Every structure is written in structure tokens, then in C-alpha cells.
Amino acid sequence: MALQATSLLPAAVRVHKEGKSNACFKDVGFLGLPVSDHVRAECKSSLVFRRRELQVTAIRAETATTGPAIDQAAPEEKKTLRKGSVIITGASSGLGLATAKALAETGKWHVIMACRNFLKAEKAAKSVGIPKENYTIVHLDLASLESVRQFADNFRRSGRPLDVLVCNAAVYLPTAKEPSFTAEGFELSVGTNHLGHFLLSRLLLDDLKQSDNPSKRLIIVGSITGNTNTLAGNVPPKANLGDLRGLSGGLNGINNSVMIDGGDFDGAKAYKDSKVCNMLTMQEFHRRFHEETGICFASLYPGCIATTGLFREHIPLFRLLFPPFQKYITKGYVSEEEAGKRLAQVVSDPSLTKSGVYWSWNKNSASFENQLSKEASDAEKARKLWEVSEKLVGLA
Ligand code: NDP
Ligand code: PMR
């Protein structure tokens, strides 16, 4: 156990190192400060930051020494007594935070908040009142495959079981004129939303397999805007992966397109394409692993949560008008709290155990199995996406 405690240290230390990376500098909106103020504030408060890292590390070290709650129970009680263990990526705001809160409040779940900004996550968890014994923050930057690998290693060494993995984090860059890139040089939206989560899910699949929870799940958040069988999915630019020629070429812009379909850069399309990848990946996981492992694979559209940080890069007028437009015109709006309850249902509701499903909710907030678009349910494309993604993240 002492070994576990020390092995947890690098995760905290990395927060500092990776705060300097390309992707982290894009972290605008932190505490409402513009980039330059944020970076300055971060530098000024580096002492406070380090102290917090040490505090959280100490808490985690303590957890590792005493072991997760599971070890305290008598063997025959283990299955019923221990808390469920769920990793949620991007739990520092919006849907991820609301889901973490909804689950942690039940007292039945321990939430591992996998976040790129440690301090922001800690403040967020405190501000919404998540009971401190029910969450742990662990650093994860999905825009760095090295960080993803380190997260998976650290998680395994912590000795915690893994019952549910929720791939929730995302970036949306609708106003970007030029592409940004992940640490490994992939276009940032697809690199973060799809490739980072693809590697994470693959690396943690064995941990999920080992869970003794009969209802272990892997959930990848999708969206209506990636589905061209809906009105929302037909607002230009429309998602379209084409024949994946850009992805096959590495999405790096070096003698190659940064878009999956090989076209010119368009930030809004890249996001929608990444959501199609999320939904295809969920189904490919289902086809490859559900029967063998019993893991339930699911995706969902939680509703239009028009107030979240997802729209932070959009123009101010959009951010002003989007919530009333969704509330009063499309009526597709849901609050962060309601959306969090929906995702928490997909994590823990005993009635939502069907695998391979894309969940949505009707106006009375009742869940139903929704239909994916032709492209988002194309099994051949899903297989090809899987194989190309495997190569890009270094698994094949
Ligand atoms: P938010 O911006 O509030 O949350 C996104 C989260 O992802 C944040 O915690 C953010 O961290 C995190 N994140 C971004 N980049 C990285 C990275 N490189 N590494 C780790 N974490 C990262 O948006 P939402 O809550 O709206 O989005 C959550 C999910 O819901 C997304 O998958 C989105 O596609 C989906 N969705 C949202 C809808 C909506 O209407 N808002 C509708 C349909 C689906 P940080 O706090 O540090 O920025
Ligand atoms: Mg949309 C029923 C209609 C509906 C729904 C549920 C959404 C959800 N949107 C709908 C309709 C429309 N939108 C229409 C008619 C328009 C044209 C005026 C429109 C426009 C629009 C824009 C510009 N919508 C948007 C944007 C964005 O930038 C958002 C986006 O695409 O983010 C990727 C968005 C969204 N609309 C939604 C949802 C859920 C989003 C954002 C979130 C997402 O998919 O993750």
C-alpha cells in the first residue's frame, strides 16, 4: 500500500507540468478570467496551488494506505456494502459535475473526477457541495495520450475497483479560424473528444472486466448534433466522416487534412464529427466486448444543456441567445441538474442495463432508446474507425 501511495504522486505533479501544454493554455473561462489573467493568476497563486496539490495528494495517499471501502467489509458482505466506483472525465463543470454530484449525493458512489485542471475541479466539487468522502480528483488531460496512459496506470495502482467509466469531457471550438492540436499533433476536438477517450476506454477495459458489479458500464456521451436524422443534426455544418481519409492520414495538417473526411478545417464540424465517433465507438465496443465481458456499453443525448462551459469559445451573442432559443423555441433545453440526473441514471439505474443503446429523454423526462442516424449506426464505418483509431493512439 505504501507503494501505491508513492505511485500516486506523479499524477499530482503532472498538473503543474502539463499546465504549460498547448491544450491547457486554451483553458479560457477559468473563474471567468480571460487567458492572460488566468495564466497570471495561476503564476501568482502557484504556492497556493502547490499546497493544494500536496493536500489532495496527502488525502489520496491516505486513501491508498487504508485502502478503498471495499476492503473493510467481510467477504460475504463485499458485493452489497461497497460503494460503486465511477470515473467521470471532465467532471469540473457542466454535465460531468452535475452527474458527479447526483451520484455522490446518493452515498452509494465514489466518484473519481478525471480532470485537466485540478484546482478548478476542487473548487467546483466544493461549490456544489459534493461530500468530500465521496470523490477523488485525479489529473487527466485527454489532449495528451501520455497523460491518458499515466492516468490509467495511476488508477490501476490505486487499487480501486472500476464499475463504471463515463467518457464525458469535450471541447467545442466553433469560432476557431485555424486548428489547434493535441500533444501528439491531432486536431484538438477529435483528438480530445474521440482519440483521448478511445485510448482511455481501451486501457481501462480490463479494469471494468474485473469489476464484481453485475452492472458494470462504459458510457460515452454523444449528441443530437452528430445525428443527421434530426433537425438539430441538419444545422450546417453537418457531421460527416466520409471515408475517414483525413483520420487515416493522422489529422495533423502536415500534407494532410485536419478533418476526418479530408476537408477544410471547420471547428463546429470537427466537434460534431467527434460526437459521431463517440457514438460509433460505443457500438463497436458493444459488438466486440459485450457478450464476452458482460459490460454494458451505452451512449446518450442528455438534452440541450445550453448554459454549460461547452459554449465558452462561442461569440457572446450566441451565449446570450442560445439558452432562451432552446428554452422557448426548440424546447430542447435542460438544466445542468436535470441532465446530470439523466446521465446518473445511465450510470446506475437498474432498468437501463441494455447494451449498445443510445439513450434520450422525452418531454416528461422519461428515458427511451433513440434511433441513431445512418452514419452514426454504420457498422462498417465503426469497424474502420476502430482500426484507424487503434493505430493513431499506438494500440496497433
Ligand atoms: P463543459 O464545457 O461544461 O464540460 C466539459 C468538460 O470537459 C470540462 O470539465 C472540461 O474541463 C473538460 N475537458 C475539456 N478538455 C479536456 C481535456 N483535454 N482533458 C480533460 N478534460 C477536458 O461542457 P458540457 O458539460 O456541456 O459537456 C459535457 C459533455 O456533454 C460533452 O461530451 C458534450 O459533447 C456533451 N453534450 C453537451 C450538450 C450541451 O448542450 N451542453 C448537448 C449534448 C452533449 P475544464 O473544466 O478544465 O474546461
Ligand atoms: Mg441547435 C429541436 C431542435 C434543436 C435542438 C434540440 C438543438 C440542440 N438545436 C435545434 C435546432 C436548431 N439549432 C436550429 C433550428 C438552429 C438554427 C437557428 C440551431 C442552431 C444551432 C447552433 C448555431 N444549434 C446549435 C448551435 C451550436 O453552436 C450548438 C452546437 O452545434 O454545438 C455543437 C447547437 C446545439 N443545438 C442543440 C444542441 C444540443 C446543441 C449543442 C450541443 C451539442 O451537440 O453538443
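Just so it is clear, the model here is predicted, and its values are computed rather than measured. Excluded from the calculations below are hydrogen atoms, water molecules and symmetry mates; all remaining heavy atoms, backbone and side chain alike, are included.
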I would like to know whether Cys277 and Ile260 meet side-chain contact (heavy atoms from CB on, under 4.5 Å); could you show each step before the answer? CA-CA 10 Å; Cys277 292; Ile260 294 180; 3.5 Å; yes
Ion pair check, Glu146 and Arg149, cut-off under 4.0 Å: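 No, this pair does not count.
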I'd like to know if the side chain of [X] and the backbone of [Y] have a donor-acceptor N/O pair within less than 3.5 Å.
{"X": "Lys120", "Y": "Ser93", "answer": "no"}
{"X": "Ser299", "Y": "Ile220", "answer": "yes"}
{"X": "His290", "Y": "Gln283", "answer": "no"}
{"X": "Ser355", "Y": "Phe297", "answer": "yes"}
{"X": "Asn278", "Y": "Gly222", "answer": "no"}
{"X": "His286", "Y": "Met282", "answer": "no"}
{"X": "Ser85", "Y": "Pro161", "answer": "yes"}
{"X": "Asp349", "Y": "Ala344", "answer": "no"}
{"X": "Thr89", "Y": "Ala169", "answer": "yes"}
{"X": "Asn364", "Y": "Ala366", "answer": "no"}

So how far is it from [X] [atom1] to [Y] [atom2], rounded to the nearest 0.5 Å?
{"X": "Met259", "Y": "Asn240", "atom1": "CE", "atom2": "CG", "answer": "9.5 Å"}
{"X": "Leu165", "Y": "Ile295", "atom1": "CG", "atom2": "CD1", "answer": "9.5 Å"}
{"X": "Asp243", "Y": "Lys384", "atom1": "CG", "atom2": "NZ", "answer": "5.5 Å"}
{"X": "Lys209", "Y": "Thr293", "atom1": "NZ", "atom2": "OG1", "answer": "7.0 Å"}
{"X": "Ser274", "Y": "Leu195", "atom1": "OG", "atom2": "CG", "answer": "10.0 Å"}
{"X": "Phe318", "Y": "Glu313", "atom1": "CZ", "atom2": "CD", "answer": "12.5 Å"}

Would a hydrophobic clustering, with Ile, Leu, Val, Met, Phe, Trp and Tyr connected at side-chain separations under 4.5 Å, put [X] with [Y]?
{"X": "Leu310", "Y": "Ile315", "result": "yes"}
{"X": "Leu200", "Y": "Leu205", "result": "yes"}
{"X": "Tyr333", "Y": "Phe311", "result": "no"}
{"X": "Ile88", "Y": "Val334", "result": "yes"}
{"X": "Leu321", "Y": "Tyr328", "result": "no"}

For residues [X] and [Y], determine if any side-chain heavy atom of one lies less than 4.5 Å from a side-chain heavy atom of the other.
{"X": "His314", "Y": "Thr175", "answer": "yes"}
{"X": "Leu95", "Y": "Thr308", "answer": "no"}
{"X": "Leu204", "Y": "Leu162", "answer": "yes"}
{"X": "Phe151", "Y": "His139", "answer": "no"}
{"X": "Phe155", "Y": "Val138", "answer": "no"}
{"X": "Leu97", "Y": "Glu336", "answer": "no"}
{"X": "Ser367", "Y": "Leu352", "answer": "yes"}
{"X": "Ile130", "Y": "Val111", "answer": "no"}

Do Leu173 and Leu188 pass the side-chain contact (heavy atoms from CB on, under 4.5 Å) test, and can you show the C-alpha distance, the side-chain angles, and the key distance before you say yes or no? CA-CA 9 Å; Leu173 309 161; Leu188 192 62; 4.0 Å; yes
Other hydrophobic cluster members with Ile224, side-chain heavy atoms of Ile/Leu/Val/Met/Phe/Trp/Tyr under 4.5 Å, chained?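 Joined to Ile224, directly or through intermediates: Met279, Tyr301, Tyr358, Leu372.
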Whether the [X] and [Y] side chains hold a donor-acceptor pair (N or O, under 3.5 Å, no angle test) is what I'd like checked.
{"X": "Trp359", "Y": "Gln345", "value": "no"}
{"X": "Arg342", "Y": "Ser365", "value": "yes"}
{"X": "Ser147", "Y": "Asp141", "value": "no"}

Heavy-atom pair of closest approach, residues [X] and [Y]:
{"X": "Ser92", "Y": "Cys115", "value": "N-SG, 3.6 Å"}
{"X": "Asn234", "Y": "Thr228", "value": "ND2-O, 2.9 Å"}
{"X": "Leu280", "Y": "Asp378", "value": "CD2-O, 3.7 Å"}
{"X": "Arg217", "Y": "Ser348", "value": "NH1-N, 3.7 Å"}
{"X": "Thr182", "Y": "Gly191", "value": "CG2-CA, 3.7 Å"}
{"X": "Asn134", "Y": "Lys83", "value": "OD1-NZ, 2.6 Å"}

Is there any salt bridge (Lys or Arg N to Asp or Glu O under 4.0 Å) pair reaching into residues 254-265, and which pairs are they, with sequence neighbours excluded?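 Qualifying pairs: Asp261-Lys269.
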Tell me if the [atom1] atom of [X] is crowded by more than 12 foreign heavy atoms within 6.0 Å.
{"X": "Glu133", "atom1": "CD", "value": "yes"}
{"X": "Phe368", "atom1": "CZ", "value": "yes"}
{"X": "Arg288", "atom1": "CZ", "value": "yes"}

Test salt bridge (Lys or Arg N to Asp or Glu O under 4.0 Å) applied to [X] - qualifying residues, sequence neighbours left out:
{"X": "Glu375", "result": "Lys381"}
{"X": "Glu387", "result": "Arg383"}
{"X": "Lys275", "result": "none"}

Measure up the Tyr172 and Tyr271 rings against each other and bin them: parallel (under 30°), tilted (30 to 60°), perpendicular (over 60°).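 Judged by the thresholds at 30° and 60°, the geometry between Tyr172 and Tyr271 is tilted.
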Which of parallel (below 30°), tilted (30 to 60°) and perpendicular (above 60°) describes Phe285 and Phe289?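 Geometry flag for Phe289 against Phe285: tilted rings.
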Side chains of residues 389-396: which donor-acceptor pairs under 3.5 Å do they make with residues two or more places apart or in other chains?
residue: Ser389; atom: OG; partner: His194; partner atom: NE2; Å: 2.8
residue: Ser389; atom: OG; partner: Leu385; partner atom: O; Å: 2.6
residue: Glu390; atom: OE2; partner: Arg202; partner atom: NH1; Å: 2.8
residue: Glu390; atom: OE2; partner: Arg202; partner atom: NH2; Å: 3.2
residue: Glu390; atom: OE2; partner: Trp386; partner atom: NE1; Å: 3.4

Evaluate Ile87 against Val164 for side-chain contact (heavy atoms from CB on, under 4.5 Å), listing each step before the verdict. CA-CA 6 Å; Ile87 294 176; Val164 182; over 6 Å; no
Pair Asp163, Arg82 - check side-chain contact (heavy atoms from CB on, under 4.5 Å), show working. CA-CA 11 Å; Asp163 302 308; Arg82 82 165 167 87; 2.7 Å; yes
